[in-house]
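What's counted below: heavy atoms across the whole structure, side chains too, no hydrogens, waters or symmetry copies.
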Amino acid sequence: MKKLMMMILGVLLVGILSGCSGASADETTYSKIIEKGEMTFAMTGAYPPFNYINENGELAGFDIEIAAAIAEKMGVTAKPITVEWDGIIGGLTGNRFDMIIGSMAVTEERLKQVSFTDPYYYDGAQFFAKAGSGLNSINELENGKVGVVTGTTFHEYLDGMTNIAEILQFQSDVDNFKSVDQGRSDGLVTSKVVGARAPIDYGVAIEPVGDLLYTENIAIAIRQDDKELLEAVNKALEAIIADGTYAEISNRWFGINILEK
């Protein structure tokens, strides 16, 4: 009789534990964020003024403040994580963090791997050369050496240009700027906003050359199965735009609202 009771209790315990693990497995990323009171987001920390390490050794920038504002609307806090750009999507799909708020452009190729929120700003790819280069367009380069950050859409664009002999790859635009300033490359392609601030922020003598190469929608990347989180982040983004928080942050960093085309 004692053995029978032990067996019954054992079966019941297994059932209870199975039920607990099943409930845990059913938790969504969004419910875990709300329960923990924290959302994690990734960026490189090397893309000023959108995200970078300031003089106090702290992460700062437009992306960081937008993430904090979105988190506040969701009733949680935002925890930034720095990741190298060429591995950032793999980090998201591998569950290392909840989302990417790191100035990522929406592309067809990326949409095969992740989902995107509504755009949180609009940008454009700009060619920059050393000040006084005499160039009027990137097309005037012959056997050009042009720098980009590894894994960006800028690299893909340059791949299709026959007058570019070498695409130099950098982990951050800071090194990219210095390469042009020191004459080690003929120019670079980056965000029009990022490049325009480089002479102010880093004292490099570069200037925009020619028209924008193309425009981009910049959005927050989220895992494809996290539909509840996608909806919540979109609602929070809409809320900070509606109440003026977004415009205040944008104007403080850029002097304009970069969500307006």
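Partners of Y157 according to the ring pair (Phe, Tyr, Trp, His ring centres under 6.0 Å) rule, which considers only residues two or more places apart in sequence or in another chain, are Y214. Judged as a ring pair (Phe, Tyr, Trp, His ring centres under 6.0 Å), and not counting sequence neighbours, the contacts of F50 are Y47, F62, Y121, F254. Looking at residues two or more places apart in sequence or on another chain, you find no salt bridge (Lys or Arg N to Asp or Glu O under 4.0 Å) involving E238. For P199, the side-chain contact (heavy atoms from CB on, under 4.5 Å) partners are I206, not counting sequence neighbours. By the side-chain contact (heavy atoms from CB on, under 4.5 Å) test, A219 pairs with V106, F116, T117, sequence neighbours left out. Under the salt bridge (Lys or Arg N to Asp or Glu O under 4.0 Å) criterion, K235 pairs with E231, sequence neighbours left out. For E109, the salt bridge (Lys or Arg N to Asp or Glu O under 4.0 Å) test picks out K112, with sequence neighbours left out. Listed by chain and residue number, nothing satisfies the salt bridge (Lys or Arg N to Asp or Glu O under 4.0 Å) test with R110 (two or more places apart in sequence, or in another chain).
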For L158 and I138, run side chain to side chain contact (heavy atoms under 4.5 Å, CB included): C-alpha distance rounded to whole Å, both residues' side-chain angles, the deciding distance at 0.1 Å, then the answer. CA-CA 10 Å; L158 292 178; I138 191 173; 3.7 Å; yes
Should M43 and I100 be marked as a side chain to side chain contact (heavy atoms under 4.5 Å, CB included) after you check the CA-CA gap, both sets of side-chain angles, and the distance that decides it? CA-CA 6 Å; M43 87 308 302; I100 299 168; 5.9 Å; no
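Contact between N257 and A247 at its shortest, heavy atoms only, is ND2-CB, 3.9 Å. Taking both residues in full, the closest heavy atoms of A129 and L135 are given as CB-CD1, 4.1 Å, listed atom of the first, atom of the second, then distance. Nearest approach of S137 to V209, heavy atoms of both residues: N-CG1, 3.3 Å. Shortest non-hydrogen contact noted between I33 and L229 is CD1-CD1, 3.7 Å. Summarising the geometry of S172 relative to V149, their closest heavy-atom pair is C-CG2, 3.7 Å, with the distance given to 0.1 Å. Minimum interatomic distance between N51 and G45 (heavy atoms only, all atoms of both residues): OD1-N, 2.8 Å.
To the nearest 0.5 Å, atoms CG (N176) and OG1 (T150) are separated by 9.5 Å. Rounded to the nearest 0.5 angstrom, T153 OG1 and H155 NE2 are separated by 11.5 Å. In this structure, T40 OG1 and R96 CZ are separated by 10.5 Å, a value rounded to the nearest 0.5 Å. In this structure, CG on L237 lies 7.5 Å from CD1 on I66, to the nearest 0.5 angstrom. One finds the OH atom of Y120 at 8.0 Å from the CD1 atom of I258 (value rounded to the nearest 0.5 Å).
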Atom pairs and distances, side-chain donor-acceptor, residues 68-91, under 3.5 Å, sequence neighbours left out:
from: K73; atom 1: NZ; to: D243; atom 2: OD2; distance (Å): 2.6
from: T77; atom 1: OG1; to: G37; atom 2: O; distance (Å): 3.2
from: W85; atom 1: NE1; to: G151; atom 2: O; distance (Å): 3.2

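D98 and T29 share no side-chain donor-acceptor pair at under 3.5 Å. Using modelled atom types and a 3.5 Å distance limit, the side chains of T28 and E228 yield a donor-acceptor pair.
Hydrophobic cluster membership differs between F170 and V194, with clusters built from Ile, Leu, Val, Met, Phe, Trp and Tyr side chains linked at under 4.5 angstrom. Under the 4.5 Å side-chain heavy-atom criterion for Ile, Leu, Val, Met, Phe, Trp and Tyr, I241 and W253 are members of the same hydrophobic cluster. Hydrophobic clustering (side-chain heavy atoms under 4.5 Å, transitive across Ile, Leu, Val, Met, Phe, Trp, Tyr) keeps L212 apart from L259. F177 and I53 end up in the same hydrophobic cluster when Ile, Leu, Val, Met, Phe, Trp and Tyr side chains are linked at under 4.5 Å. Under a hydrophobic clustering in which Ile, Leu, Val, Met, Phe, Trp and Tyr are joined whenever their side-chain heavy atoms come within less than 4.5 Å, directly or via other members, L59 and F97 fall into different clusters.
Between F154 and L188, the closest side-chain pair of non-hydrogen atoms is not below 4.5 Å. Taking 4.5 Å as the limit, some side-chain heavy atom of F128 sits within range of a side-chain heavy atom of Q126. Taking the side chain as every heavy atom from C-beta outward, I167 and D159 approach each other to under 4.5 Å. Contact of the V146 side chain with the V189 side chain is registered, since non-hydrogen atoms from C-beta on lie closer than 4.5 Å. At least one side-chain heavy atom of I220 sits less than 4.5 Å from a side-chain heavy atom of I222. Residues L92 and M104 fail the side-chain proximity criterion, which asks for heavy atoms closer than 4.5 Å. Considering only heavy atoms from C-beta on, E140 stays 4.5 Å or farther from N163 through its side chain. Residues L168 and S179 meet the side-chain proximity criterion, which asks for heavy atoms closer than 4.5 Å.
Enclosure of atom CD in E142 is not indicated, since only 12 or fewer non-hydrogen atoms of other residues, nucleotides or ligands lie within 6.0 angstrom.
The salt bridge (Lys or Arg N to Asp or Glu O under 4.0 Å) pairs that include a residue from residues 38-67 are K36-E38, E65-R252, where partners are two or more places apart or lie in different chains. Applying the salt bridge (Lys or Arg N to Asp or Glu O under 4.0 Å) definition to pairs two or more places apart or across chains, those involving residues 163-191 are K130-D181. The salt bridge (Lys or Arg N to Asp or Glu O under 4.0 Å) pairs that include a residue from residues 203-224 are R223-D226, where partners are two or more places apart or lie in different chains.
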